[in-house]
Amino acid sequence: MTHRALSCHVPASKRAETRRIRMPTDRYNAREAEARWQKVWDERGIFATKNDDPRQKYYVLEMFPYPSGRIHMGHVRNYTMGDVVARFKRAMGFNVLHPMGWDAFGMPAENAAMERKVHPKEWTYANIAAMKKQLKSMGLSLDWSREVATCDPAYYKHQQKMFLDFLRAGLVERKKSKVNWDPVDQTVLANEQVIDGRGWRSGAVVEQRELTQWFFAITKYAAPLLEALDTLDRWPEKVRLMQKNWIGRSEGLLIRFALDPNTTPEGESEIEIFTTRPDTLFGARFMALAPDHPLAAAAAKKNPRLAEFIEECRRHGTAQAEIDTAEKQGFDTGIKAIHPFDKTWTLPVYVANFILMEYGTGAIFGCPAHDQRDLDFVNKYQLGNVPVVCPPGQDPKTFIITDTAYDGDGRMINSRFLNGMTIAEAKEEVARRLEKASRGNQPVAQRQVNYRLRDWGISRQRYWGCPIPIIHCEKCGAVPVPEKDLPVTLPEDVTFDRPGNPLDHHPTWKHVACPQCGGKARRETDTMDTFVDSSWYFERFTDPWIATAPTDRSMVDAWMPVDQYIGGIEHAILHLLYSRFFTRAMKATGHVGLDEPFAGLFTQGMVVHETYRTKSGEWASPAEVKIETIGDRRRASLIATGEQVEIGPIEKMSKSRRNTVDPDEIIGSYGADVARWFMLSDSPPDRDVEWTERGVQGAFRFAQRLWRLVGEAAEIAKAAPADRPAEFSPAALALRKATHLALAKVTDDIEKLHFNVGVAAIYEFANKLNEVIGDMGSDSGAVSAPDFRWAMREAVNVLVQLFAPMMPHLAEECWAALGHDTLVAQAAWPQAERALLIDDTLTLPVQINGKKRAEVTVPRDATNATIQAAVLALDAVERALDGKAPKKVIIVPGRIVNVVV
RNA sequence: GCGGACGUGGCGAAAUGGUAGACGCAAGGGACUUAAAAUCCCUCGGGGAGAAAUCCCUGUGCCGGUUCGAGUCCGGCCGUCCGCACCA
């Protein structure tokens with residue numbers, strides 16, 4: 001490799017004028033160089049990780065992609081961040097595991113099959129091949145020898161084995177749950193396939209339908225999953241908070257309300273409710289049941305209008321947001337419940353569309369004064385309200401509730417024996433009394449800890465997923481497939497010409513003999529939720545070759561946990577919570593030795609882009625649009641027709657808005673390094689980043705600038721002495737200080753994943769180096785001094801190493817140009833010399849009454865008394881004091897001085 | 001509806017409770033060039049004083065509070081975005 005940059009250096013006379021005349025140089029050719037270096041890395045196998053390497057391990061992982069066909073900018077951002085960490089940790093001396101795979105099961109493959117008549121398997125593997133090629137063009141330091149695809153029977157057979165292990169361990173259950181049913185297509189719909197309450201293909205109004213399905217008993221781990229959140233100190237606080245709220249632990253009371261027999265269907269005598277507010281029992285105005293509550297069904301038998309109302313409630317999707325935002329509606333069953341503290345006090349029992357059967361007991365008592373939903377409900381049905389908690393400072397005699405419920409603190413009122421108590425005291429008192437009271441030999445109430453978390457339903461009525469290894473026999477029930485018969489593989493000869501599950505339609509696949517009795521039986525035709533596939537792939541990566549078990553215990557225990565996991569915030573709850581559960585379940589069944597799979601978590605922001613819209617309302621893609629800048633204004637027009645288009649708001653890149661940018665095109669025209677650099681440079685990694693053409697061009701210019709700079713520095717550095725000089729001139733020392741300051745800063749920033757700040761520090765250092773080279777042009781004696789040449793060589797070597805994790809190809813090219821015959825990808829990270837980071841003097845800002853008014857420079861080791869004397873002698877301070885003594889002088893060592901006058 | 005986040009120049013942003021705006025983009029001016037591109041230099045939150053160095057006032061969505069000191073902490077509003085259990 002030859003460096004053909006500047007070989008002629010013309011000194012300039014003065015800084016204010018043009019400092020240097022640069023010869024035209026060859027530009028860095030990213031397209032050629034990137035392919036060349038990727039080949040070198042590949043041939044030398046430097047990113048293949050050995051499981052028997054004795055060095056300390058570091059496991060960095062980015063969330064693996066769904067093989068949709070092409071990578072998008074979100075992938076580029078995600079994988080760039082992970083790659084920076086991987087390359088950095090490798091340079092720091094760790095044995096780094098950085099694998100990649102494919103979350104390859106899922107609905108889009110089936111949609112493609114229906115729409116384009118491609119087999120899901122063919123479609124998926126073609127997509128994997130295309131995306132792998134794209135990922136390779138990014139120059140990621142991945143160990144491809146560990147690649148897994150979840151749709152590979154070699155992967156999912158272990159998942160089936162674990163399903164059976166979990167079943168044996170009591171962690172799998174079968175129960176009923178509701179799905180979105182499309183009555184026209186006769187098929188189950190995902191929530192995203194329900195649009196405004198209708199099926200996306202048929203347009204039919206969706207109904208809720210109950211199916212018997214398989215569940216993982218995640219609720220058995222509700223308490224440990226909640227408690228362990230406190231130990232995840234390298235997780236973002238917001239993710240822990242979201243999971244905490246999702247699990248939703250609450251302490252409350254189960255209370256049995258007797259029913260007035262005259263109003264109650266035969267065979268029914270009580271309602272059991274769960275409440276976290278037993279203190280408000282004297283504010284109760286009504287009871288409410290979930291539409292699918294058994295008592296509601298019983299009451300509906302003799303009440304066709306109620307039955308109709310319950311039917312109506314089912315004519316909605318199952319999505320929570322839809323249930324919550326639907327208008328609150330209720331239907332009076334005519335049943336009366338008896339207040340547990342007053343036999344003469346009865347409450348009307350409603351069926352209400354906002355009560356969930358899945359939470360608590362599926363029934364509540366409503367206290368409208370202190371719960372907004374209950375208040376909205378009584379205001380609609382004119383049931384009135386009585387406040388029972390009086391806020392501090394309010395007069396109980398005049399305190400009333402009209403439109404806004406009060407859920408704050410206060411003292412009990414209108415509550416007989418509870419009056420005057422705090423909420424906590426009242427809760428305790430009610431619990432104590434009702435626990436003691438009994439009806440039918442059972443206590444009326446009992447304390448209970450309740451969780452919002454529901455069990456994880458994994459059954460999907462789809463083809464392209466991991467088959468659930470169960471055989472249903474009329475005699476023996478649900479029988480596990482014997483382990484010797486695993487994997488249960490998907491049949492390949494399936495058709496997608498009619499709705500529903502192709503496995504169910506298949507002529508022979510499901511018909512098998514019962515493993516227990518040998519009689520006629522049929523396979524389970526449901527497949528597993530794809531979240532199951534992604535709940536253990538990180539454990540599989542530690543030894544993806546072992547064919548006999550999901551994991552090799554010695555390998556998985558050595559590599560896990562993942563030290564740094566990186567992915568989108570959209571996975572904050574489901575994927576991460578399921579993975580935490582699954583790892584615990586794997587531990588319980590002997591497949592791993594730990595509870596928490598991810599020691600460090602980072603959630604990156606989205607990639608967003610401007611939108612463009614034509615006058616007729618059509619979206620235009622960035623590639624079709626030309627932007628002109630006239631002064632401060634920007635104008636957009638279609639390249640093809642010249643038609644002016646409106647520049648719309650900046651939004652998440654999406655196909656529907658057509659505001660996507662193709663990574664291939666960016667890498668093709670600017671190179672992978674530029675795309676990587678821009679992804680890191682512009683925004684903090686956890687925030688959204690706006691992809692702009694201008695920003696990319698800036699990154700491109702900087703890459704070229706680095707190439708020239710390294711060329712110039714190399715000229716000075718190449719005659720540097722091999723040994724470190726004993727002494728350095730002031731100029732050389734200043735350069736060394738700048739070098740080590742930048743080194744310390746960038747090292748710290750990468751460690752903290754503050755990539756954008758690290759990038760800024762690299763810019764600053766490159767600017768500094770540029771300036772030093774320019775300045776030295778006027779003093780050829782200093783340039784040729786051996787100590788300066790040595791300091792320059794150190795500086796430029798450090799510069800290249802600092803940007804190597806971010807722009808690895810350019811860094812290799814520069815590294816070679818600097819005369820190294822090693823790879824920068826394998827070079828050890830340099831260490832900052834502490835002595836160079838500390839100055840003899842400090843310049844402190846001086847504030848007067850908290851506003852900066854002056855600066856003072858003092859020796860580093862000055863005492864507070866010395867500093868105070870120097871500060872009080874400053875003109876600005878003397879002026880402010882006007883002869884008086886200061887009220888106070890606050891000296892924060894090394895930071896600031898504040899004089900209070 | 002519930003839960004979570006975010007809000008700083010023209011724009012992306014930086015700032016362990018301690019000099020607000022580092023660094024980049026855009027813009028303007030200049031150098032170089034026959035010209036363009038590229039490159040290099042200067043200016044760049046708003047307002048004011050000064051010949052200039054420089055100095056003063058104001059400013060981190062809005063309103064309050066805590067503090068010697070608040071972009072940062074607390075309370076309340078406004079706005080924007082994300083998740084909500086069958087998208088991955």
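Computation of the quantities below employed the complete heavy-atom set of this structure, encompassing side-chain atoms and omitting hydrogens, waters and symmetry-equivalent molecules. Convention: sequence-line order gives letters A, B, ...; per-chain numbering from 1.
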Problem - Rounded distance in Å - CD1 (A:I647) to C1' (B:rC11) - result: 13 Å
Exercise for the section: Rounded off to whole Å, could you give me the CD1-to-C1' distance for the A:I627 and B:rA27 pair? Expected result: 17 Å
Practice task
Give none if B:rA88 has no partner; otherwise give the nucleotide forming a Watson-Crick or G-U wobble pair with it, both distances under 3.5 Å.
Solution key: none
Exercise for the section: Name the nucleic acid region contacted by A:E764, choosing base, sugar-phosphate or nothing; use a 4.0 angstrom heavy-atom cut-off, strictly under. Expected result: sugar-phosphate
Problem - d(NZ, A:K852; P, B:rU54) in whole Å - result: 12 Å
Handout entry: Atom P, compared across B:rU8 and B:rG4: separation rounded to whole Å
Key = 22 Å
Problem - Short side-chain donor-acceptor distance under 3.5 Å, A:N245 and A:R240 - result: no
Practice task
Determine the interatomic distance between P on B:rG45 and the same-named atom on B:rA22; round to the nearest Å.
Solution key: 8 Å
Exercise for the section: Between A:E690 and A:E237, just flag the one whose closest nucleotide in RNA chain B comes earlier from the 5' side. Expected result: A:E237
Exercise for the section: Would you indicate what A:K851 reaches in the nucleic acid, counting non-hydrogen atoms under 4.0 angstrom: base, sugar-phosphate, or nothing? Expected result: sugar-phosphate
Handout entry: Pi-cation contact, A:F215 with A:K175 (under 6.0 Å, within 45°)
Key = yes
Exercise for the section: Check the side chains of A:Q604 and A:N78 for a donor-acceptor pair under 3.5 angstrom, ignoring hydrogens and angles. Expected result: yes
Fill in the blank from the handout: Whole-Å distance, A:Y763 OH to B:rC23 P, equals 12 Å
Handout entry: Same-atom distance (C1') from B:rC57 to B:rG61, integer angstrom
Key = 22 Å
Problem - Rounded distance in Å between the P positions of B:rA51 and B:rG12 - result: 38 Å
Handout entry: side chain to side chain contact (heavy atoms under 4.5 Å, CB included) partner of A:I867, chosen from A:V846, A:V897, A:V889
Key = A:V897
Between protein and nucleic acid, restricted to nucleotides 14-16 of chain B and to nitrogen or oxygen atoms under 3.5 Å apart, what atom pairs and distances do you find?
from, atom 1, to, atom 2, distance (Å)
B:rA14, OP1, A:N756, ND2, 3.1

Practice task
Between B:rA15 and B:rU19, how far apart are the C1' atoms? Round to whole Å, please.
Solution key: 10 Å
Fill in the blank from the handout: Testing B:rG18, B:rA38, B:rG1 for proximity to the side chain of A:Q847, the answer is B:rG18
Handout entry: Ring centres under 6.0 angstrom apart (A:F700, A:F678)
Key = no
Practice task
For nucleotides 79-88 of chain B, just jot down a letter per nucleotide in 5' to 3' order: B, S or -, based on protein non-hydrogen atoms under 4.0 Å.
Solution key: -----BBBSB
Handout entry: Modelled atom types, side-chain donor and acceptor of A:T124 and A:W464, under 3.5 Å
Key = yes
Practice task
Looking at every strand, decide which applies to A:I890 at a 4.0 Å heavy-atom threshold: base, sugar-phosphate, or nothing.
Solution key: base
Completion exercise
With syn defined as a glycosidic angle within 90 degrees of 0 and anti as anything else, the base of B:rG28 is anti
Exercise for the section: Considering only atom P, compute the distance from B:rG79 to B:rC62 and round it to an integer number of Å. Expected result: 15 Å
Practice task
Tell which nucleotide pairs with B:rU72, taking only Watson-Crick or G-U wobble pairs whose two distances are both under 3.5 angstrom.
Solution key: none
Completion exercise
Answer for the Watson-Crick or wobble partner of B:rA31, both distances under 3.5 Å, is B:rU39
Exercise for the section: Please report, rounded to the nearest Å, how far the C1' atom of B:rC23 is from the CG atom of A:D682. Expected result: 10 Å
